[in-house]
Amino acid sequence: MSKHKFFSKSGDKVTPENLGEAIQQAIEIEIATIPIYLYTYYSINRSPDQDAISGSLAQKLVAKGKTAKEASEIALDLSAEIMVFSNKTGALIMSVAIEEMLHMALSSNLKQALAGRPELVGKSPSVWPACLPGHIPAFDIDRAKLSQDQLMTFLKIESPDPLPDPKMLKAIEYRTIGEFYDMIKTCIDQNDLPFRTFLPQLIEGNGYYNANNIDTVYYDKEHKPHFTNDDGPDSGDLVYIRDKASANKAIDFIVEQGEGSKAPGLNPDGSVNCGAIVPGDFDDPDKKELSHFAKFQEIYCTYKRLNERFVALDIGVNDINQYFVANVAKNPLTKDYPANIAPVSDLLNAVYTYIFVMVEDCYVKSGNTQWETFMFGIHKSMIFILNSICGDIMNLSYTGPDGKEYVVAPTFEDYPFGLLSSPKSQLIDLFNAAVAVYPAISYLGQRIQDLPDAPLHNN
């Protein structure tokens, strides 16, 4: 991750002189969360084999003295709980990842309007574990599979309250993302700044970041579908930044979707409040959509409750993630993958990076050209191509540097596109190299050929 001079000393404030740097830091905070949320999402099998889970549980319960009838009833109920939990967890995490992309775009609109074109390409963390730029106290964020530890990291990221740190004796830079955005908001409110409304921004009303899609729907035990996000007008959309009011509206969307308007954070000792399954707050007035913090709080508390049920049965199951979470390594790198896998990972990373290339390109285009880039490029890359490669690559396995066997995972590294040819032409070359070692992805060829040809932009 890039090093920031901003907020390097105690008492630094957002001023008109460093506003552009501050907003860029805000953009990079949003970008830093995207690979960890996506990595954890893809570690989850959202439709595990219920019969296999139920059968295994029944055998363990009978071995512990339950009758076959008792064992079957308990196993059926627990397996159904796992099916709902795995699917709902995936839906909630993906819904947050999509909104982080929205927050990145809102922050980018803010920078375009006030301080210069946003920089997105090459801004994902380059060293793992990473950290949120400027957050005090610092804490590690990892690309890791779903676990209670990983969910605790998510809660720290989205916490509306400062993280407990009894060793902290000096002034701090920013303690919550909301506090950081408030400093930007104060600077905008207290100064007469020119708004560059003549430059392109990503505009509202075009469905660029849809509140719900197939990956954010889950089913309950009665097989009824539920949507994780509210489709109403209060659910959040892009905002065209033209004045102080629209700038404040964009910032309020970001903060309330992440932290909630009144959500209680972590307990003073750093633990999670699980007195109720959803003790957190909503991010919309109609209370139809939970904030990011409350979504992760719900996942964490349900996970904890289910784990406790299994431990109480004393059948040797201490973590339910064994039933629906892939055995992926923590913070894998493409360079650690063998020659029959690395080209596929390179392609995946290039598609991931190309999304940021295309979003940057939208800030030099407007009207139908921008719409086509977004709808036929970014949506196609994110929803179909990237999702497909992530699913395909996880059918493979490898031996990690530690000598252990792992499922191959998407690494979400920035791909270093060269300057001698267009990123799209390099993407096509990477596809040809990947399909040569893994023909199963050949069906993606035409999709990649159809992507818009977006250039790299020097900021």
Check: Pro439 main-chain N/O paired with Ser442 side-chain donor or acceptor under 3.5 Å: yes
Centroid-centroid under 6.0 Å between Tyr37 and Phe296 rings: yes
Side-chain heavy atoms of Val239 within contact of Asn109, under 4.5 Å: no
Under 3.5 Å donor-acceptor pairs involving side-chain atoms of residues 56-63, not counting sequence neighbours:
none

Beyond-backbone contact of Val359 with Val121, side-chain heavy atoms, under 4.5 angstrom: no
Partner set under side-chain hydrogen bond (donor to acceptor under 3.5 Å, both in side chains) for Asp314, not counting sequence neighbours: Lys64
Sub-4.5 Å side-chain heavy-atom contact between Cys274 and Tyr303: no
Any donor-acceptor pair under 3.5 Å from Asn327 side chain to Glu405 backbone: yes
With sequence neighbours excluded, residues passing side-chain hydrogen bond (donor to acceptor under 3.5 Å, both in side chains) with Glu70: Thr67
Cation-pi, Phe384 ring and Arg447 (6.0 angstrom, 45 degrees): yes
Aromatic centroids of Tyr415 and Tyr352 separated by under 6.0 Å: no
Electrostatic pair Asp414:Lys123 at N-O distance under 4.0 angstrom: no
Side-chain ion pair, Glu298 and Lys88, N-O less than 4.0 Å: yes
Close side-chain approach of Tyr406 and Tyr337, heavy atoms under 4.5 Å: no
Any donor-acceptor N or O pair under 3.5 Å, side chains Ser124, Glu413: no
Centroid separation Tyr39 to Phe412 less than 6.0 Å: no
Test item: side-chain donor near acceptor, Asn387 and Tyr42, under 3.5 Å: yes
Note, Pro129 side chain near Asn331 side chain (heavy atom, < 4.5 Å): yes
